[in-house]
Amino acid sequence: MTDAEEKTRITAVVDKPLKGDAARGNDCLVVIYTKEPTLLGKRFVLEASPVRIGRGFENLIVLEGDSVSRRHAHLEQRGHQWWCVDDGSTNGSYVNDAQVLREQRLENGDRLKVGPTIFKYLAGEDVEALYHEEIYRMTIIDGLTQAHVKRFFLEALEKELLRAKRHVRPLSLLMFDIDHFKLVNDTHGHLAGDFVLKEVARTVQSRIRRDEVLARYGGEEFAILLPETSVEGARALAEILRDRTEQARFTFQGETIRVTISIGVATLGEVEKTAHDLLQMADNLLYEAKRGGRNRVVG
């Protein structure tokens with residue numbers, strides 16, 4: 001099982017009320033991405049102020065990992081609003097990818113990142129319905145990159161394969177991964193690595209059509225399903241994505257990180273008749289691209 005699959009496993013739903021005198025509705029934090037599998041999908045109901053988050057066991061929400069400070073941040077209730085306050089953490093707290101310099105008011109749907117863990121803040125009268133919608137969303141969307149998960153991609157591939165065969169229409173797919181990604185983690189740290197994964201996914205997503213499916217296939221590997229796309233069209237898109245990634249400048253905590261991607265291009269043909277055939281072909285071509293020097297398209 002890949003790291004990405006492990007992160008997208010939905011565990012039993014556990015509500016953990018944070019009790020106190022400042023009770024207010026059912027506003028909550030839901031864990032949508034984590035490297036602690038038992039936390040994924042857990043809901044923390046906000047009933048006390050402050051709600052402290054950190055590595056130390058004195059916190060109400062305890063997170064593991066060297067990138068989490070002992071007392072990292074807290075949520076503070078002011079009137080009918082909850083605010084995120086960073087407690088001078090080493091690696092910072094983030095709301096919707098922007099670093100919290102001191103404090104930030106939370107709005108319904110905001111994403112709060114503490115270390116490698118991402119929460120979604122849910123508030124309002126329909127919070128219960130929002131919570132169940134979020135749990136469903138976690139079964140199809142990767143919480144870090146916002147790309148689809150592998151399971152969703154495989155189901156979409158099977159459907160598009162049947163349609164392509166029935167109507168004799170072209171079907172292509174791309175598989176790519178980030179070159180020397182381990183070096184990014186080793187040089188800049190795992191939080192920077194998470195940031196690069198998210199930004200590469202965002203860069204790619206901005207260049208594909210609504211009917212095309214981007215998925216995090218595993219770790220730093222991604223796949224793109226391209227219905228109604230010939231091999232020439234798939235190669236052209238792959239070159240655009242490769243060049244766009246190479247030209248991008250990803251800046252995390254003041255450091256600029258440059259990365260490249262290698263891409264394998266596969267198209268449905270006489271030999272490739274099943275989803276497994278297409279995936280295997282794309283994967284083989286991806287590794288041919290990496291063996292050929294990386295930062296290139298093969299297919």
Side-chain angles (χ1 to χ4, degrees), residues 7 27-36 39-40 43-44 46 49-55 59 61 63 65-124 127 130 134 137-138 141-147 178 184-185 187-207 214 216 220 244-245 247-259:
K7 295 183 186 73
D27 292 0
C28 63
L29 294 180
V30 180
V31 181
I32 63 170
Y33 179 84
T34 178
K35 295 183 179 179
E36 303 175 55
L39 277 182
L40 192 63
R43 170 170 56 179
F44 295 91
L46 304 179
S49 180
V51 175
R52 299 197 178 277
I53 306 172
R55 188 160 39 88
N59 297 283
I61 300 178
L63 302 176
D66 294 338
S67 58
V68 180
S69 296
R70 187 168 186 83
R71 295 188 68 172
H72 197 105
H74 70 271
L75 270 60
E76 184 176 306
Q77 187 184 32
R78 301 175 188 172
H80 294 296
Q81 298 287 335
W82 284 93
W83 289 68
C84 173
V85 181
D86 186 82
D87 291 325
S89 63
T90 301
N91 292 293
S93 307
Y94 293 80
V95 173
N96 298 331
D97 302 326
Q99 186 167 3
V100 177
L101 299 181
R102 171 53 185 163
E103 58 185 28
Q104 173 69 48
R105 188 176 70 180
L106 295 178
E107 301 290 347
N108 184 37
D110 281 351
R111 285 173 289 108
L112 168 64
K113 191 171 191 291
V114 175
T117 301
I118 302 175
F119 302 88
K120 180 169 277 191
Y121 171 67
L122 301 179
V127 68
L130 291 173
E134 194 59 40
R137 179 178 167 80
M138 289 167 57
I141 300 291
D142 175 59
L144 175 66
T145 63
Q146 297 300 294
I178 301 172
V184 174
N185 281 328
T187 303
H188 303 282
H190 288 277
L191 291 183
D194 284 352
F195 174 78
V196 167
L197 283 170
K198 177 175 61 65
E199 290 301 307
V200 168
R202 180 181 294 174
T203 298
V204 170
Q205 189 75 62
S206 69
R207 297 295 301 186
L214 169 68
R216 187 178 180 190
E220 69 273 21
R244 194 173 175 86
T245 303
Q247 299 303 320
R249 304 291 185 273
F250 304 132
T251 303
F252 180 75
Q253 294 184 344
E255 291 187 278
T256 298
I257 305 170
R258 299 185 63 179
V259 298

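Sequence positions, counted from 1, serve as the residue numbers for this chain. All values reported here derive from a predicted model rather than from experimental measurement.
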Counterpart residues, side chain to side chain contact (heavy atoms under 4.5 Å, CB included), relative to E255 (two or more places apart)
H188

Side-chain contact, heavy-atom cut-off 4.5 Å: L29 with K120?
no

Does any N or O in the side chain of D110 come within less than 3.5 Å of the main-chain N or O of Y121, such that one atom is a donor and the other an acceptor?
no

S89: partners by side chain to side chain contact (heavy atoms under 4.5 Å, CB included), with sequence neighbours left out:
S69, H72, D86, S93

Residues in side chain to side chain donor-acceptor pair (under 3.5 Å) contact with T117, at least two apart in sequence or another chain
none

With sequence neighbours left out, the residues meeting side chain to side chain donor-acceptor pair (under 3.5 Å) with N185 are none

Please report the shortest heavy-atom distance between V68 and P116, naming the atom on each side.
CG2-CD, 4.1 Å

Going by the rule salt bridge (Lys or Arg N to Asp or Glu O under 4.0 Å), which residues pair with R258 if we only count those two or more places apart in sequence or in a different chain?
none

Rounded to the nearest 0.5 Å, how far apart are CD1 of I32 and CG of L144?
9.0 Å

Partner set under side chain to side chain donor-acceptor pair (under 3.5 Å) for R207, not counting sequence neighbours
none

For residues Y33 and D142, determine if any side-chain heavy atom of one lies less than 4.5 Å from a side-chain heavy atom of the other.
yes

Test item: I141 and Q146 side chains (from C-beta on) under 4.5 Å apart, heavy atoms
yes

Who are the side chain to side chain donor-acceptor pair (under 3.5 Å) partners of N91, not counting sequence neighbours?
none

Between S67 and G115, is there a donor-acceptor pair closer than 3.5 Å when you use the side chain of the first and the backbone of the second?
no

Is the number of heavy atoms from other residues, nucleotides or ligands under 6.0 Å of D66 CG greater than 12?
no

Carefully, step by step, assess L214 and T145 under the rule side-chain contact (heavy atoms from CB on, under 4.5 Å).
CA-CA 10 Å; L214 169 68; T145 63; over 6 Å; no

Could you go step by step and tell me if F44 and F119 meet the side-chain contact (heavy atoms from CB on, under 4.5 Å) rule?
CA-CA 10 Å; F44 295 91; F119 302 88; 4.2 Å; yes

Applying ring-ring contact (aromatic ring centres under 6.0 Å, His included), can you list everything that pairs with F252, at least two apart in sequence or on another chain?
F195

Could you check if a side-chain atom of L130 sits within less than 4.5 angstrom of a side-chain atom of V30, using non-hydrogen atoms only?
no

Residue list, side chain to side chain contact (heavy atoms under 4.5 Å, CB included) with V259, at least two apart or on another chain
I178, V184, V196, V200, T245, F250, I257

Counterpart residues, salt bridge (Lys or Arg N to Asp or Glu O under 4.0 Å), relative to D194 (two or more places apart)
K35

Could you check if a side-chain atom of R55 sits within less than 4.5 angstrom of a side-chain atom of L63, using non-hydrogen atoms only?
no

Residues which pass side chain to side chain contact (heavy atoms under 4.5 Å, CB included) with R78, listed by chain and number, not counting sequence neighbours
E76, W83, V85, E103

Stepwise side-chain contact (heavy atoms from CB on, under 4.5 Å) test for H74 and I53:
CA-CA 6 Å; H74 70 271; I53 306 172; over 6 Å; no

Pairs in or reaching into residues 87-98: which pass salt bridge (charged side-chain N to carboxylate O under 4.0 Å, His left out), with residues at least two apart or in two chains?
R52-D87, D97-R111, D97-K198, D97-R202

Of the non-hydrogen atoms in C84 and L112, which two are nearest, and what is the gap between them?
SG-CD1, 3.7 Å

Starting at SG of C28, measure out to CG of L122 and round the result to the nearest 0.5 Å.
4.5 Å

Close side-chain approach of V31 to E36, heavy-atom, < 4.5 Å:
no

